[in-house]
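What follows is a single structure, written as structure tokens, with notes after it.
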Amino acid sequence: MKLSVSWRASAAAVVAAATLLTSGSIAGAAPEDAVEAAAAPDIPVANVKAHLTQLQSIATANGGNRAHGRPGYKASLDYVKAKLDAAGYTTAIQQFTSSGRTGYNLIADWPGGDTNQVVMAGSHLDSVSSGPGINDNGSGSSAVLETALAVSRAGYQPTKHLRFAWWGAEELGLVGSRYYVNNLSSANRAKITGYLNFDMIGSPNPGYFVYDDDPAIEKTFKDYYAGLGVATEIETEGDGRSDHAPFKSAGVPVGGLFTGASRTKTAAQVTKWGGTAGQSFDRCYHSSCDTTSNINDTALNRNSDAVAYAVWELSQ
């Protein structure tokens with residue numbers, strides 16, 4: 001998650017990718033017959049943590065970070081893309097320039113579904129330059145990746161078209177996601193029925209915060225957590241500070257989850273969620289200690305399942 005201003009002073013493949021990125025959709029192969037509603041699978045937290053371990057290793061091998069324009073970012077993108085390609089996704093890399101460095105977005109479409117109704121889930125893949133960015137935002141990136149892989153494992157055939165995205169240069173001001181939205185035609189932006197954003201969902205002293213942007217998406221997440229008997233609060237700390245903002249500005253319904261950054265957890269919140277009062281939700285926010293040790297497994301597990309729950313519920 002970026003700091004707000006107030007917080008810090010084969011040719012065919014190329015053609016297919018270009019068409020995907022500029023049109024906002026790919027040719028679908030959805031079955032014409034209606035399908036029965038399917039339940040979302042459980043997302044194994046061990047799989048999500050395995051992705052985090054890989055991202056940590058990438059950062060360690062590349063100067064300690066996965067920041068925009070640095071080798072660690074491109075290596076992270078290559079890791080995610082290889083997983084998606086092997087799972088049967090149509091992937092495309094979108095290139096842009098920011099601060100004199102080349103950045104990349106990764107877009108992955110699951111074949112099938114109505115391409116006039118697109119459900120997107122995304123997260124930023126870059127870290128700050130001061131650390132490996134495992135909670136911010138390896139957590140969201142890994143949960144979205146594992147959800148995408150679960151779609152493939154299940155052979156899921158939703159009514160709507162599914163698209164997943166990993167954004168570059170979020171930490172420089174939502175650069176990658178804004179570039180993507182700005183390069184969609186108004187007609188193709190209108191095809192996106194919902195964008196779900198996941199930025200920091202494994203904070204070590206976690207809260208359970210739900211975006212209050214689109215009511216239907218908000219209700220989906222709240223229903224999931226109500227089923228667990230876990231109270232939620234409206235997300236305010238990161239409001240407008242992550243990759244949902246460009247989509248919202250373009251009129252796309254948005255929603256998402258967050259477990260907190262540098263704000264302090266209150267005693268009342270400890271009563272709801274446990275943890276430590278008077279301490280930040282993430283003491284390692286934007287720091288070198290944002291490593292694989294900086295993750296709360298329970299929060300990561302719950303939120304990873306919530307990602308899948310929302311993807312399934314909103315795409316049927």
Give the intermediate values and the outcome of side chain to side chain contact (heavy atoms under 4.5 Å, CB included) for residues Glu170 and Asp199. CA-CA 10 Å; Glu170 187 269 357; Asp199 189 353; 3.5 Å; yes
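- Screening Leu145, Val151, Leu149, Leu196 for a side-chain contact (heavy atoms from CB on, under 4.5 Å) with Phe164, the sole residue that qualifies is Val151.
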Please set out all donor-acceptor pairs under 3.5 angstrom arising from side-chain atoms of residues 244-251, sequence neighbours excluded.
unit_1: Lys248; atom_1: NZ; unit_2: Asp213; atom_2: OD1; d: 2.6
unit_1: Ser249; atom_1: OG; unit_2: Ala245; atom_2: O; d: 3.1

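- Atom CH2 of Trp166 and atom NZ of Lys81 lie 11.5 Å apart (nearest 0.5 Å).
- For the pair Tyr73/Asp78, no side-chain contact is recorded, criterion being any heavy-atom separation below 4.5 Å from C-beta on.
- Side-chain contact, Ser280 with Ser262: no donor N or O sits under 3.5 Å from an acceptor N or O.
- Formation of a donor-acceptor pair under 3.5 Å by the Thr60 side chain with backbone atoms of Ile58 is not found in this model.
- Side-chain contact between Val80 and Ser141 is absent, with no heavy atoms from C-beta onward closer than 4.5 Å.
- Side-chain contact between Leu55 and Ser142: present, with at least one pair of heavy atoms (C-beta onward) separated by less than 4.5 Å.
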Take Asn294 and Asp282 through the test side chain to side chain contact (heavy atoms under 4.5 Å, CB included) and record every step on the way to the result. CA-CA 8 Å; Asn294 192 47; Asp282 184 355; 2.9 Å; yes
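- Under the 3.5 Å distance criterion, the side-chain polar atoms of Thr259 are matched with a main-chain donor or acceptor of Ser203.
- Ile201 and Val128 fall into different hydrophobic clusters, where Ile, Leu, Val, Met, Phe, Trp and Tyr side chains are chained together by heavy-atom contacts under 4.5 Å.
- By the 4.5 Å heavy-atom criterion applied to side chains, Asp305 and Asp42 are counted as neighbours.
- Taking CE from Met120 and OG from Ser315, the interatomic distance works out to 14.0 Å, rounded to the nearest 0.5 Å.
- Between the side chain of Asn137 and the main chain of His124, a donor-acceptor pair closer than 3.5 Å is present.
- Here the side chains of Asp136 and Tyr285 are in contact, with some heavy-atom distance below 4.5 Å.
- Distance alone, capped at 3.5 Å, places no donor-acceptor pair between the Lys191 side chain and the Asp114 backbone.
- A distance-only check finds no donor-acceptor pair linking the side chain of Gln54 to the backbone of Ala50 [under 3.5 Å].
- A donor and an acceptor atom, one from each side chain of Tyr179 and Asn105, are nowhere located under 3.5 Å apart.
- In summary, of the residues considered (Ser127, Ser129, Ser98), a side-chain contact (heavy atoms from CB on, under 4.5 Å) with His68 occurs for Ser98 alone.
- Under a hydrophobic-cluster definition in which Ile, Leu, Val, Met, Phe, Trp and Tyr are linked whenever side-chain heavy atoms come within less than 4.5 Å, directly or via other members, Leu228 and Phe209 are assigned to the same cluster.
- At a threshold of 4.5 Å between non-hydrogen side-chain atoms, the residues Leu184 and Ile192 count as touching.
- With no hydrogens or angles considered, no side-chain donor-acceptor pair links Asp297 and Asn301 at under 3.5 Å.
- Ring geometry, Tyr225 versus Tyr208: the interplanar angle falls from 30° to 60°, so the pair is classed tilted.
- Proximity of a side-chain donor or acceptor of Lys265 to a complementary backbone N or O of Pro206 within less than 3.5 Å is detected.
- Looking only at side-chain heavy atoms (C-beta outward), Gln94 and Asn183 come within less than 4.5 Å of each other.
- Of the possible polar contacts, none joining the Asn62 side chain to the Ala75 backbone as a donor-acceptor pair under 3.5 Å is found.
- Proximity of Phe198 to Ser139: side-chain heavy atoms (C-beta onward) are nowhere separated by under 4.5 Å.
- With hydrogens and angles disregarded, a donor-acceptor distance shorter than 3.5 Å links the side chain of Glu235 to the backbone of Glu237.
- In this structure, a donor-acceptor pair under 3.5 Å is present between the side chains of Thr91 and Asp85.
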With side chain to side chain contact (heavy atoms under 4.5 Å, CB included) as the criterion, how do Leu257 and Val210 come out once you've worked through the C-alpha distance, each side chain's angles and the decisive distance to 0.1 Å? CA-CA 5 Å; Leu257 299 173; Val210 176; 3.9 Å; yes
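- Remark: Glu146 pairs with Arg153 by the salt bridge (charged side-chain N to carboxylate O under 4.0 Å, His left out) rule, at least two apart or across chains.
- Between Tyr224 and Tyr309, the ring-plane angle classifies as tilted under the 30° and 60° cut-offs.
- In this structure, Ser130 contributes its side chain and His286 its backbone to a donor-acceptor pair below 3.5 Å.
- Atom NZ of Lys160 sits in a crowded spot, with more than 12 heavy atoms from other residues, nucleotides or ligands closer than 6.0 Å.
- Of the possible polar contacts, one joining the Arg66 side chain to the Leu125 backbone as a donor-acceptor pair under 3.5 Å is found.
- Trp273 and Val270 fall into different hydrophobic clusters, where Ile, Leu, Val, Met, Phe, Trp and Tyr are joined by side-chain heavy atoms under 4.5 Å apart, directly or via other members.
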